[in-house]
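Okay, so here's the structure we're looking at.
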Amino acid sequence: EGVMKHLGVKWDMSLNGEMQVGEMVEVVRSLGEKIVVANVRMKDKLDVLLKCVYPKLLYVLQYCTWKYEEYERIEAEVSRIIVGITRNMKGYPRDLLYVGAEDGGLGIESVASKAQERKWNELQKGLAKGGVVGLSFRSMLNRAGRLAGTPVVKGRESSIGSTLGNRSG
């Protein structure tokens with residue numbers, strides 16, 4: 001079948017990630033629907049989503065090598081579940097879910113942005129290690145920069161967010 005599971009993350013041998021995206025969307029959909037229909041308070045439903053489902057998602061998403069659009073596809077499913085939990089109308093502006101509570105939103109962290117942040121943190125840790133590990137991370141970063149058309153030059157600042165395809169940085 002060509003499927004491998006490593007550290008709880010399934011990989012198909014084509015390495016395009018399509019199987020992972022579909023599986024993650026289905027996991028969010030099935031768990032989310034169970035949470036939405038549960039006969040508990042709205043706050044408890046949000047707590048379950050944020051403290052049980054989010055960590056599982058983030059763990060898998062931090063290792064995936066998808067285009068940012070795939071992360072947004074999963075984010076759309078997560079936001080649909082949040083709208084269901086909060087009993088807002090289907091047309092509720094999704095951006096308000098992620099705006100801070102002091103500004104009138106729910107203050108929920110975006111799964112897509114948080115996954116990119118975790119990737120960035122892992123890259124920073126790898127670069128700081130030095131030795132063979134640091135050289136490997138520098139090589140990967142330089143290759144990503146060349147492929148993106150934004151070479152990373154030692155000793156000069158560059159827009160690392162655009163180099164890595166992170167739209168939030």
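Keep in mind that this is a model prediction, so the values were computed, not measured.
No chain of hydrophobic side-chain contacts below 4.5 Å, direct or via other Ile, Leu, Val, Met, Phe, Trp or Tyr residues, connects V48 to V37. Linking ILVMFWY residues whenever their side-chain heavy atoms come closer than 4.5 Å, directly or via other members, leaves V132 and L123 in distinct clusters. Under a hydrophobic clustering in which Ile, Leu, Val, Met, Phe, Trp and Tyr are joined whenever their side-chain heavy atoms come within less than 4.5 Å, directly or via other members, V40 and L106 fall into different clusters. F137 and L135 fall into different hydrophobic clusters, where Ile, Leu, Val, Met, Phe, Trp and Tyr side chains are chained together by heavy-atom contacts under 4.5 Å.
Sorted by first and then second residue, the salt bridge (Lys or Arg N to Asp or Glu O under 4.0 Å) pairs involving residues 45-55 (not counting sequence neighbours) are K43-D47.
Remark: I81 engages V28, E33, V36, L49, E77, I85 in a side chain to side chain contact (heavy atoms under 4.5 Å, CB included) (not counting sequence neighbours). For Y71, the side-chain hydrogen bond (donor to acceptor under 3.5 Å, both in side chains) partners two or more places apart in sequence, or in a different chain, are K119. Applying the side chain to side chain contact (heavy atoms under 4.5 Å, CB included) test to L58 and every residue at least two apart in sequence or in another chain returns V111, K114, A115, R118. For the salt bridge (charged side-chain N to carboxylate O under 4.0 Å, His left out) test, no residue two or more places apart in sequence or in another chain qualifies with R94. By the salt bridge (charged side-chain N to carboxylate O under 4.0 Å, His left out) test, E70 is found to be paired with R73, residues two or more places apart in sequence or in another chain being considered. K125 pairs by the salt bridge (charged side-chain N to carboxylate O under 4.0 Å, His left out) definition with E122, not counting sequence neighbours. For E109, there are no side-chain hydrogen bond (donor to acceptor under 3.5 Å, both in side chains) partners two or more places apart in sequence or in a different chain. Residues passing the side-chain hydrogen bond (donor to acceptor under 3.5 Å, both in side chains) test with N88 are T86, sequence neighbours excluded. Under the salt bridge (charged side-chain N to carboxylate O under 4.0 Å, His left out) criterion, R41 pairs with D44, not counting sequence neighbours.
From C52, atom SG reaches atom CD1 of I35 across 7.5 Å, with rounding to the nearest 0.5 Å. Of the inter-residue distances, the one linking E117 atom CD with S113 atom OG reads 8.5 Å to the nearest 0.5 angstrom. Taking CD1 of I74 as the reference point, atom OG of S79 lies at 12.0 Å (rounded to 0.5 Å).
Side-chain contact check for V60 versus V27: every heavy-atom pair is 4.5 Å or farther apart. Counting only heavy atoms from C-beta outward, the side chains of Q124 and W120 approach each other to under 4.5 Å.
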What side-chain donor-acceptor pairs closer than 3.5 Å can you find for residues 95-105, not counting sequence neighbours?
from : atom 1 : to  : atom 2 : distance (Å)
Y98  : OH     : E75 : OE2    : 2.4

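Distance alone, capped at 3.5 Å, places no donor-acceptor pair between the R80 side chain and the A76 backbone.
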